[in-house]
Amino acid sequence: QVQLVESGGRLVQAGGSLRLSCVASGRTISTDTMAWFRRASGKEREFVAAIKWSGSRSNYVDSVKGRFTISRDNAKSTVYLQMNSLKPEDTAVYYCAARSGLQLSTTPNDYTSWGRGTQVTVSS
């Protein structure tokens, strides 16, 4: 089992930027599909972005397209989420997740390893 630890979340004003990091340990993630999900208060966990093991392909939920970028550095066992032009509706706990296989799944149940999350709060 891989352990995932997120960091980088904090309070930021609308229009600002943040970069979240997810560091993996326990085993390599170099062949895993990695993803970011988020859960806003009182809402279901929502898919944000996913990236193929090679970094050559990614997908995003429509609400963050053009603003967020997922990337990875397999040598550092780290996945990133660059978030620009943040909006109050981006406020949530952001979770990193890992799964084997090539499909860039948007379904939480397809992911087998999860971090504990990092809080992002965007003020208006």
Side-chain angles (χ1 to χ4, degrees):
Q1 190 82 347
V2 63
Q3 290 77 47
L4 303 174
V5 179
E6 305 93 336
S7 63
R10 62 176 176 85
L11 173 65
V12 63
Q13 288 190 335
S17 297
L18 283 177
R19 187 176 82 158
L20 305 184
S21 298
C22 170
V23 178
S25 62
R27 65 166 178 80
T28 181
I29 58 166
S30 60
T31 59
D32 286 10
T33 293
M34 301 297 296
W36 287 94
F37 288 78
R38 66 186 179 186
R39 177 179 282 161
S41 180
K43 295 188 177 181
E44 297 285 321
R45 190 170 297 192
E46 174 190 37
F47 169 80
V48 176
I51 188 167
K52 186 178 176 180
W53 66 271
S54 63
S56 61
R57 192 161 62 95
S58 58
N59 64 339
Y60 300 88
V61 66
D62 285 347
S63 61
V64 308
K65 284 180 180 177
R67 299 189 298 122
F68 290 10
T69 303
I70 188 172
S71 62
R72 65 191 297 163
D73 184 339
N74 287 336
K76 295 182 178 180
S77 297
T78 302
V79 180
Y80 304 98
L81 185 68
Q82 178 66 43
M83 305 187 295
N84 299 329
S85 302
L86 282 161
K87 304 176 181 180
E89 51 263 45
D90 295 318
T91 295
V93 178
Y94 283 72
Y95 299 90
C96 177
R99 70 180 299 266
S100 59
L102 301 179
Q103 184 185 13
L104 301 184
S105 174
T106 63
T107 304
N109 285 347
D110 286 341
Y111 290 82
T112 55
S113 299
W114 291 85
R116 294 188 174 186
T118 185
Q119 176 70 49
V120 172
T121 304
V122 184
S123 64
S124 57

If you look only at distance, which donor and acceptor atoms sit under 3.5 Å apart when one is on a side chain in residues 93-108 and the other is two or more places apart or in another chain?
from	atom 1	to	atom 2	distance (Å)
Tyr94	OH	Arg38	NH1	2.9
Tyr94	OH	Asp90	O	2.6
Arg99	NE	Asp110	O	3.1
Arg99	NH1	Gln103	O	2.9
Ser105	OG	Thr107	N	3.0
Ser105	OG	Asp110	OD2	2.5

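- For Trp114, the CH2 atom sits in a packed shell: over 12 heavy atoms of surrounding residues, nucleotides or ligands are nearer than 6.0 Å.
- With rounding to the nearest 0.5 Å, the separation of CE in Met83 from CH2 in Trp36 is 8.0 Å.
- Listed by chain and residue number, Gln3, Ser113 satisfy the side-chain contact (heavy atoms from CB on, under 4.5 Å) test with Gln1 (two or more places apart in sequence, or in another chain).
- Across Ser85 and Arg67, no two heavy atoms sit closer than the pair O-NH1, 3.0 Å.
- Among residues at least two apart or in separate chains, salt bridge (charged side-chain N to carboxylate O under 4.0 Å, His left out) pairs with a member in residues 52-64 are Asp62-Lys65.
- Judged as a disulfide bond (SG atoms under 2.5 Å apart), not a single pair has a partner in residues 28-84 (not counting sequence neighbours).
- In this structure, OG1 on Thr33 lies 6.0 Å from OH on Tyr111, to the nearest 0.5 angstrom.
- Under the 4.5 Å side-chain criterion, counting only non-hydrogen atoms from C-beta, Asp73 is in contact with Tyr80.
- Pairs passing the salt bridge (charged side-chain N to carboxylate O under 4.0 Å, His left out) check and including a residue from residues 22-34, sequence neighbours excluded, read Arg27-Asp32.
- In terms of hydrophobic clustering, with Ile, Leu, Val, Met, Phe, Trp and Tyr side chains grouped at heavy-atom distances under 4.5 Å, Val23 and Val120 are assigned to different clusters.
- Listed by first and then second residue, the salt bridge (charged side-chain N to carboxylate O under 4.0 Å, His left out) pairs involving residues 75-89 amount to none (not counting sequence neighbours).
- For the pair Ile51 and Ser71, the tightest heavy-atom approach, listed with the atom from each and the gap, is CD1-CA, 3.7 Å.
- Residues passing the ring-ring contact (aromatic ring centres under 6.0 Å, His included) test with Phe47 are Phe37, sequence neighbours excluded.
- For the atom pair OG of Ser77 and CD1 of Ile29, the computed distance is 5.5 Å after rounding to the nearest 0.5 Å.
- Residue pairs satisfying the disulfide bond (SG atoms under 2.5 Å apart) criterion with at least one member in residues 44-78, sequence neighbours excluded, are absent.
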Assess the residue pair Gln82 and Ile70 against the criterion (side-chain contact (heavy atoms from CB on, under 4.5 Å)); give the C-alpha distance rounded to whole Å, side-chain angles, the decisive distance to 0.1 Å, and a yes or no. CA-CA 6 Å; Gln82 178 66 43; Ile70 188 172; over 6 Å; no
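- A donor-acceptor pair is defined here as one N or O able to donate and one able to accept, closer than 3.5 Å; such a pair exists between the side chain of Thr91 and the backbone of Val122.
- Rounding to the nearest 0.5 angstrom, the gap separating the CZ atom in Arg72 from the OG atom in Ser21 is 14.0 Å.
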Which side-chain N or O atoms in residues 7-20 pair as donor and acceptor under 3.5 Å with protein atoms at least two apart or in another chain?
from	atom 1	to	atom 2	distance (Å)
Ser17	OG	Asn84	OD1	3.0

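- Residue pairs satisfying the disulfide bond (SG atoms under 2.5 Å apart) criterion with at least one member in residues 64-94, sequence neighbours excluded, are absent.
- Contacts of Ser30 classified as side-chain hydrogen bond (donor to acceptor under 3.5 Å, both in side chains), with partners at least two apart in sequence or in another chain: Thr28.
- Contacts classified as ring-ring contact (aromatic ring centres under 6.0 Å, His included) and involving residues 54-76 (residues at least two apart or in different chains) are not found.
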